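In what follows, a single structure is set out as structure tokens and then discussed.
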Amino acid sequence: MAATAHDTASFITLDEQWGAHNYHPLPVVISEAEGAWVTDVDGNRYLDFLSGYSALNFGHRHPALLDAARSQLDRLTLTSRAFHNDQFGAFCRDLAALTGTEMVLTMNTGAEAVESAIKVARKWAYEVKGVEFDRAEIIVAAGNFHGRTTTIVSFSDDPVAHDNYGPFTPGFITVPYGDLDAVRAAITPNTAAVLMEPIQGEAGVIVPPAGFFAGVRALCDENDVLLVADEIQSGLARTGKLFALDHENVRADLYTLGKALGGGIIPVSAVVGRADVLGVLKPGQHGSTFGGYPVACAVGRAVVELLEGGEFQERSRDLGEHLHGRLNELVGKGLVAVRGRGLWAGVDIDPAAKTGREVSMALRDRGVLCKETHERTLRIAPPLVITREEIDGAVDSLTEALHA
Ligand SMILES: *Cc1c(COP(=O)(O)O)cnc(C)c1O
């Protein structure tokens with residue numbers, strides 16, 4: 001039986017009555033999805049212009065990813081790392097080969113990957129670099145978003161994410177994003193790592209000045225400091241290359257990966273990088289019950305296989321150019337700025353026009369789902385399976401929504 005408008009309201013009432021209120025979703029209740037499209041409980045179809053913040057780079061329910069998950073579910077789900085399983089090693093090998101790295105630490109969520117990278121960088125600083133015990137410092141950027149754990153929000157400067165969660169974890173030095181002189185000035189003999197997003201997603205898709213990361217790389221080399229790139233949102237084809245850092249021809253010592261690594265099916269995250277850095281971890285010193293479990297590894301391997309072909313990187317590059325061309329036509333006509341790379345854009349709405357929320361609602365009414373980040377910025381990140389025609393339709397809807 002077809003659902004009715006009554007269902008949307010009653011599902012939302014359930015959420016509000018029983019779920020913690022830590023999100024403010026658009027009032028749409030999704031019950032089915034395929035590729036770049038979702039369907040709500042009333043049977044309305046919408047183009048997904050957000051992709052679960054890049055968790056759905058390959059679209060909803062990509063057949064190869066579903067097959068990998070299903071056939072693994074039919075054989076083996078969980079072993080814990082107390083025993084070996086026949087999926088783990090192959091996933092690590094394939095992910096290392098794809099990313100040009102030497103070692104893989106498997107976790108589940110993005111925040112866990114970042115936490116793991118912080119722990120590894122500190123341990124490396126004490127055991128390899130020789131930093132005085134408990135003095136290690138990690139340089140981070142203003143406007144960062146790296147997840148929601150207590151340690152990670154300790155160095156968030158977003159009051160909504162940070163306030164009233166103290167006491168906070170010390171050992172983080174914040175510099176303005178994209179300011180190489182500030183990074184240079186912040187480095188001390190106790191610096192373990194520079195931890196940054198190659199493009200800041202949550203902050204509104206902020207692209208740093210050209211050459212910034214090459215400069216950071218050089219400073220890290222001169223001072224025996226690790227460069228840790230958080231590619232959880234920017235990586236895995238979103239910007240038109242495997243990593244956003246690849247646009248700068250820069251290699252990090254450690255990369256954190258998540259979101260799309262789970263193919264939009266299950267949470268899979270990892271830290272990948274140098275064996276002499278990840279190698280500081282010895283048995284018992286770090287872990288996760290589900291980290292690297294067989295279902296995660298099977299889905300992760302299928303994700304790696306999709307990325308090996310390069311098709312998604314190419315789609316993001318080509319279609320991204322088209323998307324940015326279309327969005328730039330709206331500057332001065334409801335938008336004041338367009339940023340980003342590949343199929344990823346942050347657009348600032350003219351303050352004289354509407355709020356991000358109002359535009360998101362007007363887009364929803366026109367069958368396109370996207371979401372504001374901050375008051376006047378929309379984040380656009382369609383699944384990489386989207387077509388040129390679908391992009392055109394969505395940008396036409398945005399044009400209407402800005403003036404509706
Ligand atoms: C989403 C995100 C995270 C956190 O990932 P979760 O899976 O939500 O914990 C960390 N870093 C960046 C850059 C992200 O975009």
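Reckoned from all heavy atoms, side chains included, excluding hydrogens, waters and symmetry mates. All residue numbers refer to positions in the sequence shown, counting from 1. Just so it is clear, the model here is predicted, and its values are computed rather than measured. Every number for a ligand or one of its atoms is a count from 1 in the order of the listing.
Among protein residues, Thr109, Gly110, Ala111, Phe145, His146, Gly147, Glu197, Asp230, Ile232, Gln233, Lys259 come within 4.0 Å of ligand 1, judged on heavy atoms.
In Glu127, the CD atom is crowded: over 12 heavy atoms of neighbouring residues, nucleotides or ligands sit closer than 6.0 Å. By the 6.0 Å contact criterion, NE2 on His84 is open, its count of non-hydrogen atoms from other residues, nucleotides or ligands being 12 or less.
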Might you work through the side chain to side chain donor-acceptor pair (under 3.5 Å) test for Thr101 and Thr99, ending with a clear yes or no?
CA-CA 5 Å; Thr101 57; Thr99 56; 2.8 Å; yes

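Between Phe155 and His162, the distance from one ring center to the other does not fall under 6.0 angstrom.
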Exercise answer: donor-acceptor pairs, residues 192-210 side-chain atoms, under 3.5 Å, sequence neighbours excluded:
from: Glu197; atom 1: OE1; to: Gly201; atom 2: N; distance (Å): 3.3
from: Glu197; atom 1: OE2; to: Phe145; atom 2: N; distance (Å): 2.9
from: Gln200; atom 1: NE2; to: Ala142; atom 2: O; distance (Å): 3.0
from: Glu202; atom 1: OE1; to: Arg379; atom 2: NH1; distance (Å): 3.2
from: Glu202; atom 1: OE1; to: Arg379; atom 2: NH2; distance (Å): 3.3
from: Glu202; atom 1: OE2; to: Arg379; atom 2: NH2; distance (Å): 3.3

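Taking 4.0 Å as the cut-off between side-chain N and carboxylate O, Arg339 and Asp348 count as a salt-bridged pair.
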